[in-house]
Amino acid sequence: MSELVGFESWALLAGDSPTSRTEWAAVVGAWSEPHRRYHDLAHLAAVLGLVGELAGTADDPDAVRLAAWYHDIAYDPERTDNEEVSAARARAGLRGLVPDARIDEVERLVLLTAGHDPEPDDANGAVLCDADLAVLAGPPDAYAAYASAVREEYGHLSDEEFTAGRIAVLEHLLALPALYRTPEAARLWADRAAANLTVELTLLRRRAASGPATPPSAAG
């Protein structure tokens with residue numbers, strides 16, 4: 001297990017107490033669920049590492065780190081409210097471990113990952129969303145592995161259903177005012193991420209156009 005997701009890193013944020021140790025174990029357990037192919041402990045460690053790199057622009061770096069721990073703690077591909085469930089789980093799990101004001105901010109930040117569209121003055125939200133979306137800017141082979149892992153997580157959907165849903169996700173991301181909101185991430189990642197998204201979207205649209213004339217009703 002990466003030291004980024006070890007108890008020592010957690011304890012810097014939530015303290016070292018029996019309650020904190022129990023909560024850390026529960027959080028790690030959730031991220032270790034067998035159905036996860038991309039949204040797993042490796043993703044959590046990657047986001048935590050990137051939050052650390054970008055944290056200099058955050059107003060409350062520890063709130064952002066805690067939000068990273070919880071942002072996909074609930075991940076059921078058959079549900080559409082995972083961010084809401086994750087935010088509620090954060091509020092319940094952190095009660096008594098960190099100040100109430102920080103819990104409020106963690107909850108807000110987790111909810112923000114549903115759309116990855118923080119306000120221009122939301123420094124905390126910019127750091128969390130940029131760290132979460134950093135995978136989009138990977139080299140082509142890494143991006144392809146990410147996209148393949150996401151498809152595995154949605155194995156319950158037909159190709160037609162998944163293609164329609166994935167197209168909607170990519171179109172949303174490309175329509176955001178900016179994919180990355182921190183200056184460093186925007187400078188380093190924006191062009192490559194846009195290229196990756198555009199390539200995948202082009203392939204999916206081509207696949208959709210060559211598929212059945214009438215998609216299943218569940219596809220949209």
Side-chain angles (χ1 to χ4, degrees), residues 1-5 9 27-28 30-55 57-58 61 64-77 82-83 86 109-118 122 124-155 157 162-163 165-204:
M1 183 188 301
S2 166
E3 64 181 21
L4 288 167
V5 297
S9 296
V27 172
V28 169
W31 282 92
S32 304
E33 293 165 336
H35 68 275
R36 296 172 183 254
R37 294 294 181 270
Y38 169 70
H39 296 87
D40 56 10
L41 277 175
H43 171 62
L44 173 58
V47 172
L48 285 167
L50 289 163
V51 165
E53 293 179 21
L54 299 171
T57 61
V64 182
R65 290 185 176 95
L66 282 167
W69 277 95
Y70 283 97
H71 79 283
D72 282 323
I73 189 172
Y75 188 73
D76 180 351
N82 286 305
E83 290 81 12
S86 294
L109 289 169
V110 171
L111 290 171
L112 195 60
T113 62
H116 297 96
D117 190 14
D122 184 358
N124 291 339
V127 170
L128 180 63
C129 289
D130 283 5
D132 195 27
L133 295 181
V135 66
L136 303 179
D141 56 341
Y143 183 89
Y146 145 74
S148 176
V150 171
R151 178 64 181 104
E152 286 186 50
E153 290 180 333
Y154 284 85
L157 295 181
F162 178 79
T163 297
R166 184 67 178 167
I167 286 173
V169 169
L170 299 181
E171 288 178 340
H172 166 76
L173 290 169
L174 286 168
L176 290 172
L179 265 175
Y180 301 108
R181 311 304 174 92
T182 61
E184 187 75 354
R187 180 177 68 83
L188 293 175
W189 303 339
D191 290 346
R192 191 163 55 193
N196 284 334
L197 291 170
T198 300
V199 167
E200 185 186 2
L201 185 57
T202 300
L203 292 172
L204 290 174

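Just so we're clear, the structure is a prediction, and the values are computed from it rather than from any experiment.
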Exercise. Would you indicate whether the side-chain heavy atoms of Leu41 and Ser2 approach each other to under 4.5 Å?
Key: no
Exercise. Not counting sequence neighbours, which residues clear ring pair (Phe, Tyr, Trp, His ring centres under 6.0 Å) with Tyr75? List them please.
Key: His39
Quiz item: Val64 and side chain to side chain contact (heavy atoms under 4.5 Å, CB included): which partner among Leu109, Leu48, Val47, Thr57?
Solution: Leu109
Practice problem: State the NE2-CG distance between His116 and Leu128, to the nearest 0.5 angstrom. | Solution: 7.0 Å
N/O donor-acceptor pairs under 3.5 Å from side chains in residues 173-185, not counting sequence neighbours:
| unit_1 | atom_1 | unit_2 | atom_2 | d |
| --- | --- | --- | --- | --- |
| Tyr180 | OH | Leu133 | O | 2.7 |
| Arg181 | NE | Ala178 | O | 2.8 |
| Arg181 | NH1 | Pro118 | O | 2.9 |
| Arg181 | NH2 | Asp117 | OD1 | 2.8 |
| Arg181 | NH2 | Ala178 | O | 3.3 |
| Thr182 | OG1 | Asp130 | OD2 | 2.7 |
| Thr182 | OG1 | Ala185 | N | 3.4 |
| Glu184 | OE1 | Arg187 | NH2 | 3.3 |
| Glu184 | OE2 | Arg187 | NH2 | 3.0 |

Self-check item: pair Asn82-Asp72: side-chain heavy atoms closer than 4.5 Å
Solution: no
Quiz prompt | Test log, rule side chain to side chain contact (heavy atoms under 4.5 Å, CB included), inputs Tyr38 and Val135 | solution = CA-CA 10 Å; Tyr38 169 70; Val135 66; 3.2 Å; yes
Quiz item: Of all heavy-atom pairs between Ala131 and Val51, which one has the smallest distance, and what is that distance?
Solution: CB-CG2, 3.7 Å
Exercise. Give a yes or no on whether the backbone of Glu3 and the side-chain of Ser9 come within a donor-acceptor separation of less than 3.5 Å.
Key: yes
Self-check item: Any residue meeting side chain to side chain donor-acceptor pair (under 3.5 Å) with Asn124, in chain and number order, not counting sequence neighbours
Solution: Glu105
Quiz item: Counting heavy atoms not belonging to Asp76, are there more than 12 under 6.0 Å from its CG?
Solution: yes
Quiz item: Tell me, do Pro77 and Tyr154 make a side-chain contact under 4.5 Å, heavy atoms counted?
Solution: yes
Quiz item: Are Ile73 and Trp31 close enough, and set up right, to give a side chain to side chain contact (heavy atoms under 4.5 Å, CB included), and what steps lead you there?
Solution: CA-CA 6 Å; Ile73 189 172; Trp31 282 92; 4.2 Å; yes
Self-check item: 4.5 Å side-chain heavy-atom contact, Trp69 and Val28
Solution: yes
Practice problem: Compare all side-chain heavy atoms of Asn196 with those of Leu136 and state whether any distance is below 4.5 angstrom. | Solution: no
Quiz item: Are Glu153 and Arg36 close enough that some pair of their side-chain heavy atoms sits under 4.5 Å apart?
Solution: yes
Quiz item: Residues in side chain to side chain donor-acceptor pair (under 3.5 Å) with Arg192, at least two apart?
Solution: none
Quiz item: Quick one: salt bridge (Lys or Arg N to Asp or Glu O under 4.0 Å) pairs with a partner in residues 165-176, sequence neighbours left out?
Solution: Arg166-Glu200, Glu171-Arg205
Quiz prompt | For Tyr143, all residues meeting ring pair (Phe, Tyr, Trp, His ring centres under 6.0 Å), sequence neighbours excluded | solution = Tyr146
Self-check item: His71 side-chain N/O to Ala68 backbone N/O, donor-acceptor pair under 3.5 Å
Solution: yes
